[in-house]
Amino acid sequence: MSTALGLDIGGTRIKAGIVNHAGRILKQEETGTPVSPDAFRRAVRQILDNLEIDLSLLAGVGIGCKGVIEYETTRVNFVPGHLRSLEGELLRDLVPVDLPVYADNDAKVAMAGEMVWGAARGRKDAIMLTLGTGVGGAVVANGQMLRGVGGVAGHLGHITVETDGPLCTCGNYGCLETLFSADAITVEAYRVIHSGCISSLTDKFRDCPESVTCKDVFEAAASGDSAATLIRDRAIHHLAAAISGLLHVFDPEIVILGGQIAEAGETLRRPLEEEVHWRSQRLVRRAVPVVIQEVQDRSGIVGGAALVFSAAEPA
Ligand SMILES: [Zn+2]
C-alpha cells in the first residue's frame, strides 16, 4: 500500500509525516522553520533522514504553506511574515527527492484532507474556512478546488465585511479576519480588561491582559459573562454575514469550519449556523449544514498527503 509524505510549513515550525491511504499518520517529525531556502533544503533533508523513509513506498510529497502558492508550479507568490525568504521559490526545489511534489496554500490543503477523508468527501460543492490567528479558506466548485489565475482564490478571510473597518495585513480595510479571528477577538478582550469593564475576563487577567486568549473569551461567554458574550456574538455576526454572502456566490452543499477556533465546537457552530440560515433562506431555500472539520489532524500533515492522493486519483 502506498504512502505519502505530508509537510506543513508554518511560521515557526515545519511538520512532516508519513501518511497512509486511510489518512493515518504513521510517523512524524518536526523542526523549527529555517529562514533561508538553503537552510530549508537542509532541514527537509534532515527530516527525511529522521523519518527513515523508504522512498520507493512514497507516492509523492504534498506541502501546505501560508500565503499564495501557485499549485501548477509550486511557486511561492506571496507569503507573510518571516517566511518571506521563500517568495519566488519553487517548493518542489526545496524537497531533495526524485518524487512528484505538490503544494498549495495551507487552507486549501486542509480542504484537500476533507475531500479525501472528511466532510467534503463525495461532495461537488463545498466551502471551508480555517479560523485561527487569521482566517483562511478554500472553495470546491463542481468537484474542483478553485485556485484562480494566480492562486489567490479561496482567501475568504479577505472578504470585506465592514467597509471602514480595521486595517488588514492585505492593505484593505474591514476584511473578515480583522473582525473574526483569534487575533481580532483577543484584541477586543484586551480592551475590555484594560478599560476595567465588569467581566470575569477583567477579574482573571487584570494583571496580565496580554495573556488572554480567544479560548478564554469563548469559555467566559459559555458561562454567561456578558462582556465576553458581546465580543463572541459580534464576531460570529461578521462571520455569518460573510458565509451568507458565500452561499449566494457558490451555492455549496456544506460549509466546513476548521482551525483552532473551530475547537469552540457547538458554542460557535450552532449560533453561526442559525444566523447563516436566516440570512440566506430566501434565495438558498434550504438549511446548508455548517459543520466542524472531520480530519482530526490539525498539523497540515494529513492534508498535505491528501494533495498527493487526490492528484493521483482525481475525483
Ligand atoms: Zn485583508
Side-chain angles (χ1 to χ4, degrees), residues 11 66-68 77-81 105-108 110-111 127-139 146 148-195 197 201 209-210 212-215 217-218 221 227-252 255-262 264 268-269 271-280 282-284 288 290:
K66 287 178 173 302
V68 180
N77 282 343
F78 170 81
V79 70
N105 162 272
D106 51 3
K108 294 197 188 82
M111 175 64 112
I127 288 172
M128 182 163 188
L129 292 111
T130 55
L131 311 170
T133 51
V135 173
V139 176
L146 292 187
V149 174
V152 180
H155 274 68
L156 306 181
H158 298 287
I159 293 171
T160 307
V161 290
E162 204 171 273
T163 50
D164 52 359
L167 180 63
C168 182
T169 53
C170 73
N172 185 18
Y173 288 88
C175 289
L176 173 62
E177 76 171 28
T178 68
L179 296 151
F180 187 104
S181 63
D183 283 357
I185 290 167
T186 51
V187 164
E188 287 289 309
Y190 181 88
R191 275 200 203 111
V192 163
I193 300 159
H194 194 67
S195 55
C197 295
L201 294 172
E210 65 287 345
V212 68
T213 66
C214 181
K215 189 163 175 266
V217 176
F218 272 86
T229 304
L230 280 173
I231 297 172
R232 183 198 65 188
D233 290 353
R234 183 168 172 269
I236 288 178
H237 197 52
H238 284 112
L239 181 58
I243 292 175
S244 302
L246 292 169
L247 294 196
H248 291 99
V249 177
F250 297 108
D251 196 7
V255 176
I256 306 165
L257 307 177
Q260 74 190 76
I261 302 181
L268 164 67
R269 195 202 66 78
L272 180 68
E273 187 176 63
E274 280 169 13
E275 186 168 340
V276 168
H277 288 173
W278 73 252
R279 281 178 179 269
S280 59
R282 187 88 189 267
L283 288 188
V284 177
V288 178
V290 177

Engineer: Output all residues satisfying side chain to side chain contact (heavy atoms under 4.5 Å, CB included) with Arg234, sequence neighbours left out; order by chain, then residue number.
Structural biologist: Glu162, Leu179, Glu188, His238
Engineer: Between Leu167 and Thr178, is the side chain to side chain contact (heavy atoms under 4.5 Å, CB included) condition met? List the steps.
Structural biologist: CA-CA 7 Å; Leu167 180 63; Thr178 68; over 6 Å; no
Engineer: Considering all heavy atoms of both residues, which atom of Tyr190 and which atom of Val212 are nearest to each other, and what is their separation?
Structural biologist: N-CG1, 4.3 Å
Engineer: Test your reading of the model: is there a side-chain donor-acceptor pair from Lys108 to the backbone of Ala153, 3.5 Å cut-off?
Structural biologist: yes
Engineer: Can you give me the closest heavy-atom contact between Val68 and Gly150, atom names plus distance?
Structural biologist: CG1-O, 3.2 Å
Engineer: How long is the gap from CD1 on Ile127 to CD1 on Ile243, to the nearest 0.5 Å?
Structural biologist: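 Reported value, rounded in 0.5 Å steps: 8.0 Å.
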Engineer: Without swapping roles, check the side chain of Asn105 against the backbone of Lys66 for a donor-acceptor pair under 3.5 Å.
Structural biologist: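 Checked: no pair found.
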Engineer: Ignoring hydrogens, what is the shortest heavy-atom contact between Ser244 and Arg279? Give both atom names and the distance.
Structural biologist: OG-CB, 3.2 Å
Engineer: Tell me, yes or no, whether the heavy-atom count around His237 atom NE2, taken from other residues, nucleotides or ligands under 6.0 Å, exceeds 12.
Structural biologist: no
Engineer: Will you find, in the side chains of Asn172 and Thr160, an N or O donor that is under 3.5 Å from an N or O acceptor?
Structural biologist: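 Asn172 vs Thr160: donor-acceptor pair found between side chains.
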Engineer: Is any side-chain heavy atom of Val276 closer than 4.5 Å to one of Val288?
Structural biologist: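 Heavy-atom side-chain distance check fails, nothing below 4.5 Å.
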Engineer: List the steps and the verdict of side chain to side chain contact (heavy atoms under 4.5 Å, CB included) for Val152 and Phe78.
Structural biologist: CA-CA 10 Å; Val152 180; Phe78 170 81; over 6 Å; no
Engineer: Can you pull the ring-ring contact (aromatic ring centres under 6.0 Å, His included) pairs that have at least one residue in residues 154-186, sequence neighbours excluded?
Structural biologist: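 Output for this query is empty, none listed.
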Engineer: Please lay out, stage by stage, how Thr186 and Val217 fare under the test side chain to side chain contact (heavy atoms under 4.5 Å, CB included).
Structural biologist: CA-CA 8 Å; Thr186 51; Val217 176; 5.6 Å; no
Engineer: With a 4.5 Å limit on heavy-atom distance, are the side chains of Thr133 and Ser181 in contact?
Structural biologist: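 With C-beta onward as the side chain, the pair stays apart.
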Engineer: Within the 4.5 Å heavy-atom criterion, are Val135 and Ile159 side-chain neighbours or not?
Structural biologist: no
Engineer: Please list, chain by chain and in numerical order, all residues satisfying salt bridge (Lys or Arg N to Asp or Glu O under 4.0 Å) with Arg269, sequence neighbours excluded.
Structural biologist: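 Arg269: salt bridge (Lys or Arg N to Asp or Glu O under 4.0 Å) contacts with Glu266, Glu273.
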Engineer: List the atom of Ala189, the atom of Leu201, and the distance in Å for their closest heavy-atom pair.
Structural biologist: CB-CD1, 4.3 Å
Engineer: Is any side-chain heavy atom of Ile236 closer than 4.5 Å to one of Leu268?
Structural biologist: yes
Engineer: Given Leu272 and Leu257, is the side chain to side chain contact (heavy atoms under 4.5 Å, CB included) satisfied, shown in steps?
Structural biologist: CA-CA 11 Å; Leu272 180 68; Leu257 307 177; 3.7 Å; yes
Engineer: Using a 6.0 Å cut-off, check whether atom NE2 of His194 has over 12 heavy atoms from anything other than its own residue.
Structural biologist: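 No, the 6.0 Å shell around NE2 holds no more than 12 heavy atoms from other groups.
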Engineer: Search all heavy atoms of Val161 against all heavy atoms of Leu176 and return the closest pair with its distance.
Structural biologist: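 Val161 and Leu176 have their closest heavy atoms at CG2-CA, 3.8 Å.
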Engineer: Could you state the interatomic distance from CG (Asp106) to OG1 (Thr130), rounded to the nearest 0.5 Å?
Structural biologist: 6.0 Å
Engineer: Any side-chain heavy atom of Leu247 sitting closer than 4.5 Å to one from Leu283?
Structural biologist: no
Engineer: Atom SG in Cys175, atom CG in Leu156: separation rounded to 0.5 Å?
Structural biologist: 11.5 Å
Engineer: Work out which heavy atom in Ala182 is nearest to a heavy atom in Ile261; give both atom names and the distance.
Structural biologist: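 Between these two residues, the closest heavy atoms are N-CD1, 3.3 Å.
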